[in-house]
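Sequence lines set the chain letters: A, B, ... in the order given, protein chains first and strands last, and positions in each chain run from 1.
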Amino acid sequence: MNNYSPLRTFVFMCAMIQIVKPAIFSFRECLWFLDRGYDDCLFRISDGTVTKLIQLGTEPVLFRIREAGDHLQVEILKGKLSEEQVPQLRDYIIEWFDMHQDLGPFYTLLQKDKMLQYMPKDFEGLRLISIADLFEALCWSIIGQQINLTFAYKLKRRLVEAYGTAIEHDGHVYHLFPSPHILASLSVEDLRPMQYSQSKAKYLIGIAQAFASNQLNKEMLLALPDFHSKQQALTAHKGIGIWTANYALMKTLRLAEAIPYGDVGLLKALETHNIIKERTESEKINRFFKKYKGWETYLVFYLWRSLAAPAFHKK
DNA sequence: AACCAGGCTGCGC
DNA sequence: GCGCAGCATGGT
C-alpha cells in the first residue's frame, strides 16, 4: 500500500476528527442560536457541546463536537466510520456551521449601517446554521408555515419520534429525521392525531412522495443553472410557496438571494430596527436588501438572531 | 379571549 | 399578474 498514512490511521482508530476554526467564527454563538429556547429534537446541546445522529452509510453515527483551542474536536460516540466516511463527516460539520465563508465583507457592510452596526460585535462569529438535507429542510419549513415556532417544534418532534430512527446513548435518545420513503407511505389520517392540519399533512406526504420517487432531490436542484429555476423546481410542488422554497434554498444550498419574503420574523426585525414602519413596504425592503448583495440571507439570519429573547443576549 | 404565528391555495378580477 | 378570503390549530 503506497498510500498508507500513519496519521490517518491514527485518526481513524481514535475516532477523533479535528477541524480548524476559520477566522470570525464562534462555536459558542452558533450553539447559542441552536439552543435559543426552543426544543429541537434533532440534536442535543450540553456543556458547550452539541451531539447529533447522522447517517453516512448504512449505520447511523452519533457524534459530539466540542471546542478545543483553535479547532473543533469531533468525537464518535456510537457507530463506526469507514475511512471514506471520516472526510464526509468533516465536510458535513463544515457545512452545518458554514465554516467556509469569510464573514469579513459582511461585517464591513453591517458597520456602515447605523441600525445594524452593533451586530458584528454582539453576534460575532455567528454562522448561518444550515440544514444539509433538502427533504428535512422542506418538511421543516412546511411544518413551520403560519404557526408559532414553539408549536412547530412540537409538531416536528412528534413526527420524528414516531417515524425517525432512534438510538439511545448515555440515557438520551437521538433521532434521525424520517426518510422520504417512510413519510411517503403515510396517509393524512396518520398525522392528524399529531395536530397536523389537513393541508399540512397532505403537503408533507406529497413532498415525501416526490423525493421517494426521485422527482426531486438536492443534486437535481444543484444542477439547475440559476436561482429562478431552482426556486421554480420547488414551488412546482403543492405546499411550497416562495417563502418555503427560499427558506430551503437558504438553509440547504445557502444561497444569498433566497430571501424568505413575507417572513413574519424578518418583518418584525425590520420594524424593530426602524428599517420599515409598515409590513407592506416591499419596495423599501427591496432597497434595503440591495445594499447587502451577496449577503442577503446572512442578514436575514442575523435579523432572526436579533429577535431572540433579551435574556439570552450575551453581554 | 382576542389576536397572532418563521404561509399556501384557489378564486375573482 | 394581483389582491384577498379562507384555512387550521396551538400560544400568549
Rounded to whole angstrom units, what separation is found between the CD atom of A:E271 and the C1' atom of B:dC4? 13 Å
note: A:K202, atom NZ; C:dC7, atom P; distance rounded to Å ~ 13 Å
What interatomic distance, in whole Å, is found between P of B:dC3 and the corresponding atom of C:dA5? 16 Å
Separation of A:L266 atom CG from B:dA5 atom C1', in whole Å? 15 Å
Distance check needed: B:dA5 C1' versus A:Y196 OH, whole Å only. 16 Å
Could you tell me whether A:K52 sits above the aromatic face of A:W96, with NZ or CZ closer than 6.0 angstrom to the six-membered ring centre and within 45 degrees of the axis? yes
How many whole angstroms separate atom CZ of A:R279 from atom P of C:dG3? 18 Å
P atom, C:dT12 versus B:dG7: distance in rounded Å? 16 Å
Just grab all the side-chain hydrogen bond (donor to acceptor under 3.5 Å, both in side chains) pairs involving residues 216-226 of chain A, residues at least two apart or on different chains. A:E95-A:K218, A:N214-A:N217, A:D226-A:S229
Looking at A:Y292 versus A:Y298, is the centre-to-centre ring distance below 6.0 Å? no
Going by the rule side chain to side chain contact (heavy atoms under 4.5 Å, CB included), which residues pair with A:T280 if we only count those two or more places apart in sequence or in a different chain? A:E278
Per-nucleotide protein contact string for nucleotides 6-13 of chain B (B base, S sugar-phosphate only, - none; heavy atom under 4.0 Å): BBSSS---
Under 4.0 Å between a side-chain nitrogen and a carboxylate oxygen: does that hold for A:E271 and A:K277? no
Cation-pi check, A:R305 to A:Y302: give yes when NZ or CZ is under 6.0 Å from the six-membered ring centre and within 45° of the ring axis, no otherwise. no
Suppose you measure atom P in C:dA8 against the same atom in B:dA1; what distance do you get, rounded to whole Å? 23 Å
When rounded to the nearest Å, what value does the distance between C1' atoms of C:dC7 and B:dC4 take? 15 Å
Can you check the A:F151 CZ to C:dA8 P distance for me, whole Å? 13 Å
